[in-house]
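Below is one structure, written out as structure tokens; the observations come after it.
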Amino acid sequence: DSFHTAPHFFEHSKKIGEQGCLNWLATTSPELVSVIATVALGIGLLAQSLGSLCLLALRHPDGATKALIGWTIAQPVLYAQLSNVEFVAESLSLVGGLLMLRAHLVSEQGRHVGARTQLLGRLLLPTVYLYHAGLFLFSTLTYDESSNLAMYFSSLSMFIVNT
């Protein structure tokens, strides 16, 4: 994501200010909004870049995973995407993967803390898959609603055959 954010930094900064969580302040103080959006996006870009590089080099995995988890949580808020369930599910899935990585790399914590972190990561990791499975199952329930049970099973079986 940082490879996409860096060349389009000012467009993203403008989007955060105008359409993101700062849009309520944009009409009264556009200069302040521009500064806050630029600083927040700059911190996010640094968190992504340095966090990824530190994890690849296995240097300071504690701080690197904290920075990446923080940015992953802050990103839907900054872009005002909390109502976008798919984006939030993707973010939660990323947080789950980062928690799993954190539990594996940061072993100096107690066993119970690492086990809890790993458990939370395992619970969050499949969030995006559960979201898509829920969409799929919802589409089967509303596929071809009928008052006739035989017609419903017929359309459901055709749904299964066609997928």
Side-chain angles (χ1 to χ4, degrees), residues 1-139 163:
D1 192 43
S2 60
F3 290 123
H4 180 264
T5 304
H8 305 287
F9 185 83
F10 292 107
E11 291 102 11
H12 283 278
S13 178
K14 186 176 177 183
K15 186 176 182 179
I16 288 172
E18 293 176 357
Q19 300 170 358
C21 68
L22 300 173
N23 65 352
W24 60 274
L25 188 59
T27 56
T28 59
S29 180
E31 297 84 18
L32 180 63
V33 167
S34 176
V35 169
I36 292 172
T38 302
V39 168
L41 194 60
I43 290 171
L45 187 62
L46 282 174
Q48 288 177 347
S49 302
L50 294 177
S52 300
L53 289 174
C54 285
L55 283 177
L56 288 173
L58 294 176
R59 298 281 187 207
H60 311 290
D62 183 41
T65 54
K66 285 179 183 176
L68 289 171
I69 289 170
W71 175 247
T72 304
I73 292 170
Q75 192 174 17
V77 175
L78 280 177
Y79 285 98
Q81 292 290 314
L82 290 175
S83 61
N84 184 350
V85 180
E86 184 174 11
F87 186 66
V88 172
E90 289 171 358
S91 296
L92 288 174
S93 186
L94 280 172
V95 169
L98 288 168
L99 285 173
M100 292 284 294
L101 183 64
R102 180 176 169 72
H104 177 72
L105 291 177
V106 182
S107 60
E108 61 222 25
Q109 298 174 344
R111 286 183 65 157
H112 298 294
V113 175
R116 286 188 210 127
T117 303
Q118 190 175 28
L119 174 65
L120 185 59
R122 287 182 186 213
L123 290 174
L124 289 176
L125 191 60
T127 306
V128 74
Y129 302 115
L130 291 173
Y131 169 74
H132 286 290
L135 285 180
F136 178 76
L137 291 175
F138 182 73
S139 69
T163 56

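This one's a predicted model, so the numbers in the text were calculated from it and none came from an experiment. Residue numbers run from 1 in the order of the sequence given. Computation of the quantities below employed the complete heavy-atom set of this structure, encompassing side-chain atoms and omitting hydrogens, waters and symmetry-equivalent molecules.
Side-chain atoms of Ser34 do not come within 3.5 Å of backbone N or O of Pro30 as any donor-acceptor pair. Judged purely by atom type and a 3.5 angstrom limit, Ser49 uses its side chain to pair as donor or acceptor with the backbone of Leu45.
Every residue was checked against the side-chain hydrogen bond (donor to acceptor under 3.5 Å, both in side chains) condition with Thr127, not counting sequence neighbours, and none meets it. Residues forming a side chain to side chain contact (heavy atoms under 4.5 Å, CB included) with Leu123 (at least two apart in sequence, or on another chain): Leu119. For Ala47, the side chain to side chain contact (heavy atoms under 4.5 Å, CB included) test picks out Ala67, Trp71, with sequence neighbours left out. Taking His104 as the reference, nothing meets the side chain to side chain contact (heavy atoms under 4.5 Å, CB included) condition, with sequence neighbours excluded. Partners of His60 by ring-ring contact (aromatic ring centres under 6.0 Å, His included), not counting sequence neighbours: none found. By the side chain to side chain contact (heavy atoms under 4.5 Å, CB included) test, Leu22 pairs with Ile16, Val33, Ile36, Ala37, sequence neighbours left out.
Between Asn23 and Gln19, every side-chain heavy-atom pair lies at or beyond the 4.5 Å cut-off. No side-chain heavy atom of Arg122 sits less than 4.5 Å from a side-chain heavy atom of Leu99. Contact check for Leu68 versus Leu55: side-chain heavy atoms found under the 4.5 Å cut-off.
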When the side chains of residues 87-96 are checked against the rest of the protein, which donor-acceptor pairs come out under 3.5 Å, sequence neighbours left out?
residue: Ser91; atom: OG; partner: Phe87; partner atom: O; Å: 3.1
residue: Ser93; atom: OG; partner: Leu125; partner atom: O; Å: 2.6

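Taken from CG in Leu41 to NE2 in His8, the straight-line distance is 12.0 Å, to the nearest 0.5 Å. Taken to the nearest 0.5 Å, the CG atom of Leu135 stands 11.0 Å off from the CG atom of Leu130.
Across all their heavy atoms, Val77 and Ile73 have their closest contact at CG2-O, 3.9 Å. Considering every non-hydrogen atom in both Gln118 and Met100, the closest pair reads O-SD, 3.4 Å. Of all non-hydrogen atoms in Cys21 and Ala80, the two that sit nearest each other are N-CB, 3.9 Å.
Within a 6.0 Å sphere centred on CZ of Phe10, other residues, nucleotides and ligands contribute 12 heavy atoms or fewer.
Within the structure, side-chain hydrogen bond (donor to acceptor under 3.5 Å, both in side chains) pairs that include any residue of residues 72-82 comprise Asp1-Gln75, His12-Tyr79, Gln81-Asn84 (at least two apart or interchain).
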